[in-house]
Amino acid sequence: MKLFKKLLATTSLIFFSIFVPLSLSAVEINVEIGLAQVEFADAQPAIIDGRTFVPIREVFEHLGYRTEWNPATQTIVLTNNHNNVIITIGSNIFAANEKEFLLDAPAQLVGRDAVMMPVRSILENLGYYVGWNAATSTVQIAPVPASGIDGRLADNFHDFIVDYAFLDWGIIVLEADADTLWATQFRTGSLLKSTDHGDTWTAIYQFARPINAIYADDFGNLFVTTTLDRWAAEGSGEVFRSTDGGKNFDHVLNIGAGVPLRWNIASQDGTMFMSEYGFKWLDNNARRIYRSLDFGETWVTVYEPPQLIDFHMHKILMTDDGIIYQSIGDGQNAQIIRSLDNGYTWEVVTRGFQPTSGLVFDTHILWGLDGGPWMGVARHDRTTGVFSRALTLPYPFFGPAYDMIMHNGIIYAMFLSYEGYDFPASFFFSKDEGETWELMGYITKPIYRGIGLNHIVTDGVYLYVDIGVPLERGRGMEFFRGTLRISLLDMLN
């Protein structure tokens, strides 16, 4: 998001409001625009009659607006380079760019110079997201950039994949490079290898426990994580490393809870981080982050917070300037933390977000959301720290973004559909680092069962999608668990 010009200081103190429960009236109220917390010089946010009133001067400094109060006409005029907003005291209608919109409560004057107005109706019509984070008593405001999405549905995904291939049932492709695919047989410890884009497979190693993740670093090391149960609260997870292409493996790490999944692993220049997933509904759930400084040979624990229910690790990222980000779920624990000193200390970047995927760019990070203020993709500005909407899934699409990858300048993001919900699973792509997005395809639910789009890798010729989906086959419907192979050459033509 571009930095906004600061608003000229005015002597008038103007307020706007957003409805929150009366029970929060004694709680100190915070206001965030993107990641930045707004500081108030004089009047502080307060809840009056169940609504949160926030001084408008400091807030609109961040949003680039000029304000003019006309006591004779009892109107406030808010202007910037794009918008001209007129609000009249006592009226439940306001004008924006010569169009009229309905307020959920009339603007009102309190005292001589405090003007109260309902924020959601106004700011959402000006292109902003306005939310309330009850866990932190925070009013959240963020710009909503144009998505560029055509509101009409794309062709049904079943038609889209007619010419593409499902690999053999149960083969889950988890890692790829230009020459080799690495996979496992579903719910087994078999490590499989293919050098012909998945047409044939060779079993090259057998682990005692089922494989959950396969990860290849940039130095020829291959890592495999195994566990009896990814949800396990006890320590059944293990990490193995091979330095000879999967012929032999050394046991390098025992995991305290669950196991590192595909989103829990990151490495750069020989430094590597892994975090736990595990059973999140017990107070001894997953929470630790492990670090290796020697290409995964030895490990130490660098992060372990206090016992918390529903606290577990999601996506870990490393940037080119050495910053490590870790997202944490779920619910009241949703947050992103980071370390600026190679994992020795950690700080909270933002709360309310719990992404399960992410991509790093020179100017920003794209976070694929599993939960938070909206479903889609968030843009995190690396200079200002501001979070804004990159993609908001349009109706009828919904669901978490379990993975995103980029190849040849194109981002591919997929959104699964949980069991028990009727929204489709979907694929979106972006050709401009997440500024605009297009719908690539979707999968409707022929039966009321989840559609898992869990992981994407590419060898430069195909996309390989770890998928669970109901398919019409032979004598009827069956549930397929395996890999969908999609040609990169034909997909966007």
Side-chain angles (χ1 to χ4, degrees), residues 169-175 182-192 203 205-215 222-242 249-266 273-290 296 299 301 303-305 307-316 326-331 333-334 354 356-357 370-371 400 402-403 416-420 449-455 466-469 479-483:
W169 197 101
I171 292 180
I172 312 295
V173 178
L174 295 176
E175 184 61 291
W182 301 97
T184 186
Q185 189 71 36
F186 183 49
R187 291 181 177 172
T188 74
S190 296
L191 178 65
L192 309 177
Y205 202 91
Q206 182 67 42
F207 293 92
R209 298 170 179 175
I211 294 172
N212 281 259
I214 304 171
Y215 180 86
L222 186 68
F223 296 85
V224 173
T225 71
T226 70
T227 186
L228 294 174
D229 180 8
R230 59 172 273 191
W231 299 98
E234 67 280 357
S236 68
E238 297 177 307
V239 180
F240 299 85
R241 183 183 74 150
S242 173
F249 281 88
D250 295 320
H251 178 273
V252 294
L253 180 63
N254 285 321
I255 299 298
V259 68
L261 302 177
R262 58 203 167 276
W263 54 47
N264 296 116
I265 308 173
F273 287 85
M274 290 192 185
S275 54
E276 299 174 356
Y277 190 70
F279 195 83
K280 58 188 178 181
W281 293 294
L282 296 178
D283 60 5
N284 60 342
N285 57 4
R287 64 183 58 81
R288 302 167 193 85
I289 301 176
Y290 304 91
W299 295 81
T301 302
Y303 182 81
E304 185 174 4
Q307 300 270 329
L308 290 171
I309 295 175
D310 209 20
F311 189 104
H312 65 296
M313 300 298 178
H314 281 173
K315 181 67 176 180
I316 193 165
Q326 173 71 64
S327 66
I328 296 170
D330 278 339
N333 299 312
Q354 54 189 57
T356 42
S357 57
D370 177 47
Y402 266 24
D403 207 359
L416 63 80
S417 179
Y418 282 125
E419 185 171 357
R449 181 167 182 173
I451 298 175
L453 302 173
N454 303 298
H455 187 44
D466 172 7
I467 189 171
V469 61
F479 192 78
F480 175 83
R481 185 66 170 87
T483 298

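Nothing here was measured: the structure is a model prediction, and the numbers come from that model.
- Side chain of T225 to backbone of P260: a donor-acceptor contact under 3.5 angstrom is found.
- For the pair T184 (side chain) and S190 (backbone), a donor-acceptor distance under 3.5 Å is present.
- Remark: the N264 side chain and the S275 side chain contain an N/O donor-acceptor pair separated by less than 3.5 Å.
- Side-chain atoms of T483 come within 3.5 Å of backbone atoms of I171 as a donor-acceptor pair (strictly under, hydrogens ignored).
- Classification of the F186-W169 ring pair by plane angle, with boundaries at 30° and 60°, yields perpendicular.
- Taking the six-membered ring where tryptophan is involved, the planes of Y205 and F207 are tilted, since the angle between them lies from 30° to 60°.
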>> If you apply the rule side chain to side chain contact (heavy atoms under 4.5 Å, CB included), what do you find for W299 with M274, and how did you get there?
In response: CA-CA 9 Å; W299 295 81; M274 290 192 185; 3.8 Å; yes
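- How far CD1 of I265 is from CZ of F223: 8.5 Å, rounded to the nearest 0.5 Å.
- Formation of a donor-acceptor pair under 3.5 Å by the S327 side chain with backbone atoms of K315 is found in this model.
- In this structure, the side chain of H312 engages the main chain of G329 through a donor-acceptor pair within 3.5 Å.
- Counting only distance, with no hydrogens or angles, the side chain of R209 and the backbone of S236 share a donor-acceptor pair below 3.5 Å.
- Panel note: side chain H455, backbone L174; a donor-acceptor pair is recorded below 3.5 Å.
- Between E304 and R287, none of the side-chain N atoms (NZ, or NE/NH1/NH2) sits under 4.0 Å from a carboxylate O, so this pair counts as no salt bridge.
- Panel note: side chain E276, backbone M313; no donor-acceptor pair is recorded below 3.5 Å.
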